[in-house]
Q: 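There's a structure below that I have some questions on.
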Amino acid sequence: MTEISTRAADPFSHLHEENFEQAFLKPELTADQMILTAGRPCQSLDGDWNFVLDPFQEGLRQRWFDHDDLAIGQWVVPRDYDNGEWQTAKVPGCWNLAVPEWFHYEGSAWYSRNVDVEPTGPEERLFLRVGAASGRCRVFLNGIFLGLHKGGSTPFFVEITGAVLTGANRLMLEVDNSRRADAVPMHHFDWFNYGGLFRSVEIYRVPDCFIRDFRISLAQDGGGIDVSVCLSRQEDDICRVEIEGLGSFDVPVRGGVGRLRSACLPERWSPGNPRLYRVSAACGNDRIEDRVGFRKLAVRGHEILLNDAPLELRGICVHEDDKETGRVTNEEDLRRRFAHVKELGGNAARLAHYPHHELAARIADEIGILLWQEIPVYWAIDFENPSTLADARNQLLEMIARDHNRASIILWGVGNENADTDARLSFMRELAVTAKTADPTRLTVAACLINRETFRIEDRLAEHLDVIGLNEYFGWYEPGYDNLTRLLENSEPDRPVLISETGADAVSGLHGGVGRLFTEERQADVLENQVRLTSGYSYVAGIFPWLLYDFRSQRRQTAHQRGWNRKGIVAEDKETRKLGFAALREAYAVCFTKGGDADGRS
Ligand code: GCU
């Protein structure tokens with residue numbers, strides 16, 4: 001009698017336990033477990049993984065991760081899962097665009113593959129990094145549940161040193177893009193609910209004591225360079241920092257933490273002069289390196305100051321969305337995106353509505369584009385729910401930890417179009433304070449709504465932000481521009497305002513008078529009026545029209561939209577420019593001209 005593997009003998013024993021998910025909610029994988037990866041080699045796990053959809057969460061109910069490796073032909077009793085050997089899905093990828101039947105799928109899915117890992121030395125540790133997985137992701141290695149991550153756009157790490165076997169290991173990721181009322185974002189949003197492992201999956205091998213975090217930036221008073229180092233162990237050591245062309249210095253580390261201000265005075269980074277320095281940090285057996293720009297940010301009255309000069313943001317919003325690849329982006333896609341921003345005469349981009357791929361900020365550093373990056377605290381979040389706040393706060397800290405050393409990012413956005421209630425105020429004030437505490441070198445913002453009672457740009461949250469974002473759609477959702485002028489005249493904000501969204505849908509190739517909705521002429525007219533009218537107010541420090549490219553949105557179901565939001569000034573092919581593109585470029589050429597050469601006006 002073939003010995004039945006005990007692990008798979010009773011795959012159905014848990015079948016009717018409805019509280020099956022309770023066993024897989026802790027530990028959560030959070031910002032605390034992140035490690036610095038800049039300049040580190042890694043083992044890539046990208047490519048084809050075994051894959052199955054799992055709408056009934058059978059994988060957790062039957063503990064598919066617990067199965068042995070018996071091939072289906074050797075089974076003595078039947079099972080419902082054979083490690084997904086019969087089909088694959090690409091990593092990184094979105095399942096929605098892989099198979100037509102999976103286009104609208106929302107739920108759990110299982111990625112599985114074998115991973116060969118070289119044995120670790122006594123002084124080595126291994127970390128698995130997932131660049132981004134939609135919604136929730138659970139990690140199982142050799143049948144052991146290692147943790148749950150919430151958040152579809154930030155990286156997460158789990159140490160696998162103790163769980164990895166020499167030779168082949170079975171790695172399984174359960175990815176769940178179900179929309180949830182208590183999630184961040186919650187279950188209603190205006191973009192496509194893609195599912196999958198959107199970014200690379202890798203293994204990092206580091207010394208037993210390694211540099212877990214390294215932050216370097218120009219001091220806020222411009223008087224030198226601030227460095228902070230955090231080791232993985234509470235040890236005393238010396239961290240040697242080298243900045244190409246500026247020399248090197250030692251940062252004393254006590255109890256695993258070190259801070260130092262060096263007197264180095266680097267050339268300032270700006271869109272007009274995107275100067276980057278190669279930086280390295282070495283401590284014990286570990287060494288990391290990065291390319292970093294040094295710049296200074298501040299707010300003075302209604303002005304945003306970059307390197308002590310007033311800045312005007314000629315921006316555009318952009319989703320991380322592609323007709324062919326969904327949420328998966330790459331260097332070519334990102335360079336095309338920023339080339340379009342430059343072609344507009346723009347100097348900024350709002351990465352809506354969630355953290356984009358880390359490569360976006362790296363390329364923006366290199367070519368001189370200013371970025372607003374945000375977490376998806378979008379619309380009617382469950383503001384009364386403490387675990388929702390913890391989720392939002394963690395995604396914020398993960399975003400900051402990942403991109404802290406990117407000069408191009410000047411604004412952390414903590415929310416978008418959230419109705420002003422007491423619960424929302426408390427929730428988002430906490431996020432604004434968290435961002436400022438975690439990163440005093442950047443400005444905080446949220447895309448707020450008009451106060452309809454007073455018809456002014458004002459929001460109780462504003463006093464907790466450095467900059468007020470305002471989403472308004474006069475000319476589209478509200479016909480005419482008289483009320484825009486009324487609003488602008490009526491308002492007396494005490495800090496800079498950015499028009500964080502405005503625009504209009506246009507079907508590429510649909511023409512007709514500006515009086516007709518969805519025509520290219522109407523979109524061009526809205527953009528021209530918006531830039532001309534808003535640029536005339538000294539408290540408006542810039543504008544981010546909505547948006548660069550058409551993008552998928554399941555909630556857009558008119559004959560003109562067919563599952564797409566058509567407010568792009570370029571069609572979804574990311575090539576065909578609508579009349580709105582030229583209109584915005586011309587408007588930028590004549591308006592918003594207060595900024596100096598530092599702002600990258602070519
Ligand atoms: C809102 C929202 C966007 C949305 C846009 C629109 O302002 O912030 O996410 O896509 O309006 O209506 O197109």
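One-based numbering, in listed order, for ligands and for the atoms of each. Worth saying up front: this structure is predicted, and the values here are computed from it rather than measured. Count residues from 1 along the sequence.
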Q: Rounded at 0.5 Å granularity, tell me how far CH2 in Trp412 sits from CG in Leu371.
A: 9.5 Å
Q: Can you measure from CD (Glu586) to CZ (Arg532) and round to the nearest 0.5 angstrom?
A: 13.5 Å
Q: Just how far is it from atom NE2 of His188 to atom CZ of Arg179, taken to the nearest 0.5 Å?
A: 9.0 Å
Q: How far is atom 12 (O) of ligand 1 from its nearest protein heavy atom, and which residue and atom is that?
A: Tyr477 OH, 2.5 Å
Q: Look only at interatomic distance and state if Trp379 has a nitrogen or oxygen under 3.5 Å from any nitrogen or oxygen of ligand 1.
A: no
Q: Considering non-hydrogen atoms of the protein only, which is the closest contact for atom 5 (C) of ligand 1, and what is the distance?
A: Tyr473 OH, 3.4 Å
Q: Hey, which atoms in ligand 1 end up nearer than 4.0 Å to a heavy atom of His353?
A: 3 (C), 8 (O), 9 (O)
Q: Any idea which atoms of ligand 1 are less than 4.0 Å away from a heavy-atom of Glu417?
A: 1 (C), 2 (C), 7 (O), 8 (O)
Q: Distance under 4.0 Å to a non-hydrogen atom of Asn471: what atoms of ligand 1 satisfy this?
A: 7 (O), 8 (O)
Q: Using a heavy-atom cut-off of under 4.0 Å, does the side chain or the backbone of Asn416 touch ligand 1, or both, or neither?
A: side chain
Q: Counting non-hydrogen protein atoms only, what is the nearest one to atom 4 (C) of ligand 1? Give residue, atom name and distance.
A: Asp190 OD2, 3.2 Å
Q: Please report the interatomic distance CG(Leu547) to OG1(Thr502), rounded to the nearest 0.5 Å.
A: 12.0 Å
Q: Can you tell me how far CG of Leu334 sits from CD of Glu366, rounded to the nearest 0.5 angstrom?
A: 11.5 Å
Q: Identify the closest protein heavy atom to atom 8 (O) of ligand 1: which residue and atom is it, and at what distance?
A: Glu501 OE2, 2.7 Å
